[in-house]
Amino acid sequence: MSTATVVPLTDRPAWKALEKHFRDVAPLHLRQQFADDPQRGKNLCAEACGIYFDYSKNRITAETVSLLIQLAKESGLAERIEAMFTGQKINVTERRAVLHVALRAPKGEKIEVDGQDVVPEVHEVLDKMSKFSDRVRSGDWVGHTGRKIKNVINIGIGGSDLGPEMAYQALRYYSQRDMTFRFVSNVDGTDIAEATRDLDAEETLFIVASKTFTTLETLTNAHSARKWLLDKLGDEKAVAKHFVAVSTNAEEVSKFGIDTENMFGFWDWVGGRYSYDSAIGLSLMIAIGPEQFREMLAGFHEMDVHFRTTPFEKNLPVILGMLGIWYNNFFGAQTVAILPYDQYLNRFSSYLQQLDMESDGKHVDLDGNTVNYQTGPIVWGTPGTNGQHAYYQLIHQGTKLIPCDFIGFCQSLNHVGDHHDLLMANFFAQTEALAFGKTADEVRADGVPDYQIPHRTFTGNHPTNTILLDRLTPAALGKLVALYEHKVFVQGTVWHINSFDQWGVELGKVLAKRIIPELESTSPPELAHDSSTNTLLTRYRDAKEK
Ligand code: F6P
């Protein structure tokens with residue numbers, strides 16, 4: 001689809017209608033809306049792929065939904081979905097296809113890039129990963145001294161870390177418990193030092209995960225890991241048994257000293273933050289085994305099919321994405337809180353932070369024009385109920401509008417007393433409290449003294465989505481992640497931006513490269529930065545020498 005055919009966002013008829021409609025809806029209170037329509041909680045819901053999505057506690061009417069769907073249509077969403085799924089080069093600034101959906105396409109499906117079907121290659125790599133994972137798990141792949149591998153350390157950063165780590169934590173229940181899995185990302189030496197300090201090198205496997213294999217943090221950590229190993233084992237040959245790589249860059253992998261036989265490839269049409277279901281998930285596959293990894297892929301695929309084929313009115317990623325547009329662009333909300341009520345999802349919000357903010361944090365559109373509307377939100381959150389005792393105060397009674405996604409499961413994986421009912425009671429209570437609040441009259445009726453009444457009143461009318469699943473399984477995780485991947489895509493499409501590049505991370509990297517010799521050289525070059533940076537660097541150098 002030519003990018004030029006899309007009418008500028010603020011000129012689209014549905015946008016204009018939504019601007020007008022917003023003035024009618026903004027003053028409405030959820031308390032009144034639920035009172036007016038006793039079926040609201042059943043009507044404003046959608047269900048697919050085992051995900052029950054209740055969006056009734058949003059500040060919308062049925063008309064809002066139809067106008068938002070209209071906006072999605074006017075934004076060319078259907079065409080963009082097809083363009084993505086059929087391998088068109090929609091990442092225009094890097095001239096690449098965007099095909100994370102091919103990573104979970106079943107054998108036999110055909111998805112072409114430049115006339116070549118990529119699905120067989122995907123399955124070849126999956127098969128190679130499966131064989132390797134089985135060998136490590138069973139003890140058939142041994143370390144240099146013949147010992148079984150008991151520890152796996154994934155070295156990567158950004159998408160090469162957040163995805164595998166989030167998914168490992170999420171699916172830990174299903175993992176091989178006699179093995180230890182760690183994830184090293186930060187160039188701060190503390191990360192690798194703490195990750196290795198209590199491990200036996202003879203039993204440790206490092207997976208160096210980097211799409212480009214040029215990332216400073218990852219290569220620095222990989223070199224330090226190599227040194228740690230060689231210091232302990234004293235033989236260069238040990239590297240072959242203790243290091244494998246996941247990358248698209250065979251040349252750099254081999255320069256590092258890893259045999260490309262022990263490299264698991266992927267492709268430039270997989271973005272880093274969309275990659276943990278590729279070979280980047282090797283550590284996860286070793287943890288949960290190939291079969292459960294494939295169940296997770298099947299979950300992703302189910303959501304892909306739903307997204308591609310379901311009318312927008314019932315399409316989970318479309319509704320979720322368009323509700324986000326409603327708050328971001330009409331209510332002026334700056335952030336979105338992701339609040340999973342499941343301890344296993346303790347890294348989920350951090351993972352979504354990169355997925356969403358690196359994708360849609362753009363201020364120019366696909367044609368290079370500066371946008372005159374807000375794009376990607378700030379994404380944050382932590383698992384419930386911890387957040388309730390930290391920052392929920394501001395969500396309930398502060399001055400900012402914070403739309404929240406509550407994610408929960410009906411069944412617990414760990415049956416400990418009545419913990420799960422207590423957890424879920426809080427889950428349901430919070431969305432109820434946020435929506436309906438507590439009026440001054442209700443507070444007074446409780447016998448609260450007058451001077452406290454304003455402080456103990458809850459205005460309510462705070463919007464939430466409730467995303468409810470039966471059980472956290474590998475497939476459920478795949479569905480959830482794909483839901484958010486496609487949500488980000490829906491929003492990027494409406495904003496007419498490229499959700500698949502990340503040029504914004506470059507400048508800091510370039511400047512850091514310039515500063516490194518200024519900190520490390522024994523005869524440092526004269527500092528030629530601004531007066532603030534010069535003073536800070538001088539102070540650091542002086543203090544470091546002391
Ligand atoms: O700097 C940002 C980024 O490019 C992310 O997009 C990516 O996930 C991360 O760095 C790691 O990149 P790589 O896998 O190439 O090491």
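Whatever order the structure lists them in is the order used to number ligands and atoms, beginning at 1. Numbering starts at 1 and runs along the sequence shown.
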Side-chain ion pair, [X] and [Y], N-O less than 4.0 Å:
X      : Y      : answer
Asp304 : Arg308 : no
Arg104 : Glu109 : no
Asp198 : Arg182 : yes
Arg273 : Asp356 : no
Glu203 : Lys148 : no
Asp200 : Arg147 : yes

Original post:
Which one holds for Lys211 and ligand 1: side chain close, backbone close, both close, or neither close, with close meaning a heavy atom under 4.0 Å?
Top reply: both

Subject >> Whether Glu506 lies under 4.0 Å from ligand 1, heavy atom >> reply: no

**OP:** Could you tell me whether atom 10 (O) of ligand 1 has a protein heavy atom closer than 4.0 Å?
**Re:** no

Using a strict cut-off of 4.0 Å, indicate which atoms of ligand 1 neighbour a heavy atom of [X].
X      : answer
Thr212 : 13 (P), 15 (O), 16 (O)
Lys509 : 1 (O)
Gly158 : 8 (O)

What protein heavy atom sits nearest [atom], and how far off is it?
atom                    : answer
atom 8 (O) of ligand 1  : Gly159 N, 2.8 Å
atom 2 (C) of ligand 1  : Glu358 OE2, 3.5 Å
atom 12 (O) of ligand 1 : Thr215 OG1, 3.6 Å

Subject >> Test of proximity, Ser210 against ligand 1: N or O pairs below 3.5 Å >> reply: yes

**OP:** Show the numbers, then the answer: is there a side chain to side chain donor-acceptor pair (under 3.5 Å) between Asp405 and Tyr484?
**Re:** CA-CA 11 Å; Asp405 288 357; Tyr484 279 96; 2.7 Å; yes

